[in-house]
Amino acid sequence: MLYADERPQTFDDVKEQEFVIKNLQSQAKRGVFFNSIILCGKYGTGKTTVARIIARAAN
């Protein structure tokens with residue numbers, strides 16, 4: 001599936017979400033994430049992609 005192959009795999013690969021990504025990267029560096037993270041937005045904004053990257057960084 002093309003969408004799975006082209007999906008960003010790291011925080012650095014995500015485009016146009018600088019504030020959110022910098023915040024999540026700093027949490028990942030500390031090794032402590034917020035208890036809950038709400039990802040909202042229109043279809044195609046990268047919610048699932050960012051959720052998968054967060055899960056990979058947390059585990």
Side-chain angles (χ1 to χ4, degrees):
M1 291 186 220
L2 184 60
Y3 65 88
D5 295 336
E6 297 297 321
R7 187 179 301 248
Q9 300 297 315
T10 64
F11 288 123
D12 294 329
D13 296 340
V14 178
K15 306 290 185 214
E16 299 185 19
Q17 302 289 342
E18 291 86 11
F19 178 75
V20 174
I21 297 304
K22 286 185 181 194
N23 189 338
L24 292 170
Q25 280 179 323
S26 67
Q27 291 178 44
K29 287 178 185 174
R30 287 189 314 238
V32 178
F33 286 94
F34 293 133
N35 290 336
S36 62
I37 299 172
I38 299 173
L39 301 172
C40 62
K42 294 182 180 180
Y43 176 80
T45 57
K47 299 177 298 289
T48 302
T49 299
V50 172
R52 289 176 187 219
I53 294 170
I54 292 169
R56 200 174 302 122
N59 292 323

Side-chain heavy-atom pair Phe34, Asn23 within 4.5 angstrom cut-off: yes

Spacing of Gln17 atom CD and Thr49 atom OG1 [to the nearest 0.5 Å]: 10.5 Å

Gap between atom OG1 of Thr45 and atom CD of Glu16 - 0.5 Å precision: 11.0 Å

Trace of the side chain to side chain contact (heavy atoms under 4.5 Å, CB included) decision for Gln27 with Leu24: CA-CA 5 Å; Gln27 291 178 44; Leu24 292 170; 4.2 Å; yes

Closest heavy-atom pair and its distance - Ala57, Phe33: CB-CZ, 4.0 Å

Residues Gln9, Arg56; criterion side chain to side chain contact (heavy atoms under 4.5 Å, CB included); working and verdict: CA-CA 9 Å; Gln9 300 297 315; Arg56 200 174 302 122; 3.5 Å; yes

Inter-residue atom distance Ile21.CD1 - Asp13.CG, 0.5 Å rounding: 10.0 Å

Donor-acceptor under 3.5 Å (Lys47 side chain, Ile38 main chain): no

Identified side chain to side chain contact (heavy atoms under 4.5 Å, CB included) counterpart of Ile53 within the set Thr10, Asp12, Val14: Val14

